[in-house]
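Inspection log for the structure reproduced underneath, given as structure tokens.
Numbers here simply count residues along the sequence, with the first being 1.
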Amino acid sequence: MKRESIENIVSIKWIVVGAVFYFYGAMLKSEIVQVAYQQRLHFNNWDVSLRLLTDPYLILYFVVPIVLLLLIKSILIEFDYQILVRLGSFKKWIYYSFKNFWKITFPLLCLWVFMSLFMAIGFPYSWSWSEFSKTAHSTNTLDRLVYFFNEPASVFVAQLLLLLCIFSLLHIVFAVTYVLTKSKNFMLFISVFFFLFSIIGFKLFPNEFAFLSPLSFFSITNGIDAFHSPIPVYIVVITFFCVCIWFLQFLDLDKKVYVHSIKSYIPIVTYFSLCVMGIGATARSLVQSPDVTVWDVFVMSFAGVSADRFAYIPFFFYSVVFFGFVYLIQLLFLSNEIEQLGYYKIIRFKSLSKWFWSWMTKLMGVTVFFLFMLIILSLVLAVCFGAHVSFYMTLLSNPLHEVIYHFFVNGFLQIVFYISLVFIFSWTSKESIYGVVLTSMLMLFMLPSVNSKGIIPVGLNGIVYLADYSPYYLTFILVTMNIVSYFIIRYLLKQSLKI
């Protein structure tokens, strides 16, 4: 076994790979020296070592294709049903494949790290950042790192850890995909697709969507450019890795059972992902200003729209967050509760009113928890993207306690009103699809110039309304409409009992 490992390390292919690293590093080294002398800047060993380890072109056009080839080899070529029978489960086979993957990939990483350090020979040695690294110019990709890392050695370790994590994540994802599909052609397709998508993301994606580029998770310099902080890069990679490891627990179960269980979580996962992407995009665009605080990110994430202050992105994001939440309640709970109502439940609760409040109070509790999670999510993402942690706002003149009151109290009343409307339509029509139609119709009341007086109880929990209305006036409108909706529900339930 040791002899095979040694032969693997010194084989011709790794000599070729090492030669590519050497000549590319020599090119970077020559470029650094030339630019440093032109601009009269001091440089040191870390300028070339970190450039070679984090260079996006080297990673995208050389390292990624090699890693994909090694992935295909460790999963497709070495897949054997005799080994699978001996191991006893797909989960154990994936761990076995993971071990083999790192056996054949470890020389690549060692060569890369060795060449990164080797190319520093001849450069002045130091443990600190050089003037060259601190200066922003077209050939320097390290200047942003200076703001997040005190020493360049910590960047070297951070990049190495990122490569270990992303290579491991790629293998787990590809291995699980092969177990689920058993198709070699599909594996080859997604390998080519991943490579092409990485190129497209690097070359064509605007800065606002750079976080969707796979390259942002291979190079810490690109990750900081995309997220404005190194922390979200690791959070995303580690989170996905943990989810994949958790998913392995279900890999050997009956396919129909866990596919059915997964389907029930797809709407929730999709909804949560959209919320994270929306808040993340808002945070990313705001933190380009140096004075932005975490509460500014919170305000802009849930600003919403009004009749006089309309923009399409806040309009659609409000619809996703709040109408999407109401739709999930109807899809996963309310429609089943109405459809499964029978004489047994009516007898057990003794009245439809008690039945109504038995689940309505639960939904109210879920709504409160939902609002707390939204504010926590927005603040956490704001911190991850580098916003200042301060108890004030720069984008809104209202006091912070007034904004928080509006978000929680009026947000709670607004969602309860939406749920009441959906229940009224579903109860009268006996068809849950009408709740979806109602949600779409409510969006029309948020269009420009429709709700100019602020009396239509749709979208009033948007923070943008605080620019023109008192939060207590909005509370009065929402409380009044909730009372009206409750009396309508009470009337409908009484009429149903008479029938």
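- No more than 12 heavy atoms of other residues, nucleotides or ligands sit less than 6.0 Å from atom CZ of Phe23.
- Taking the six-membered ring for Trp, Phe62 and Tyr57 have ring centres at least 6.0 Å apart.
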task = Check the pair Arg144, Asp225 against side-chain contact (heavy atoms from CB on, under 4.5 Å), reporting the backbone distance first and the verdict last.
result = CA-CA 8 Å; Arg144 294 288 300 277; Asp225 288 339; 3.4 Å; yes

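- Trp102 and Ser74 share no side-chain donor-acceptor pair at under 3.5 Å.
- Remark: Leu108 CG to Lys13 NZ distance equals 10.0 Å, nearest 0.5 Å.
- For Tyr22 and Phe114, the ring centers sit 6.0 Å or farther from each other.
- Nearest heavy-atom pair across Asp296 and Leu286 is O-CD1, 3.8 Å.
- When only modelled atom types and interatomic distance are considered, Asp291 and Thr394 share no side-chain donor-acceptor pair under 3.5 Å.
- For the residue pair Ser97/Asn100, the side-chain donor-acceptor check at 3.5 Å is not satisfied.
- Every side chain to side chain donor-acceptor pair (under 3.5 Å) that Asn222 has, sequence neighbours left out, goes to Ser219.
- Note: Phe302 and Phe322 have perpendicular aromatic rings, judged against thresholds of 30 and 60 degrees for the angle between ring planes.
- Taking the six-membered ring for Trp and the full ring otherwise, Phe310 and Tyr312 have centroids separated by under 6.0 Å.
- Here Trp295 and Phe298 bring their ring centres to under 6.0 angstrom of each other.
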key: Pair Asp55-Tyr24, side-chain contact (heavy atoms from CB on, under 4.5 Å): steps then yes or no   = CA-CA 10 Å; Asp55 187 83; Tyr24 194 84; 2.6 Å; yes

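- Smallest separation of non-hydrogen atoms from Gly280 and Leu381: N-CD1, 4.1 Å.
- The aromatic rings of Phe195 and Tyr61 sit perpendicular to each other, their planes meeting at more than 60°, with 30° as the lower class boundary.
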key: Cys384 and Val380: CA distance, side-chain angles, deciding distance, side-chain contact (heavy atoms from CB on, under 4.5 Å) verdict   = CA-CA 6 Å; Cys384 291; Val380 169; 4.2 Å; yes

task = Could you go through the side-chain contact (heavy atoms from CB on, under 4.5 Å) check for Val64 and Ile59 one step at a time?
result = CA-CA 6 Å; Val64 168; Ile59 293 174; 4.0 Å; yes

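- Classified by interplanar angle (parallel below 30°, tilted 30° to 60°, perpendicular above 60°), the ring pair Phe323/Tyr318 is perpendicular.
- Aromatic ring centres of Phe325 and Phe370: separated by under 6.0 Å.
- Heavy-atom minimum distance, Ala158 versus Tyr234: O-OH, 2.5 Å.
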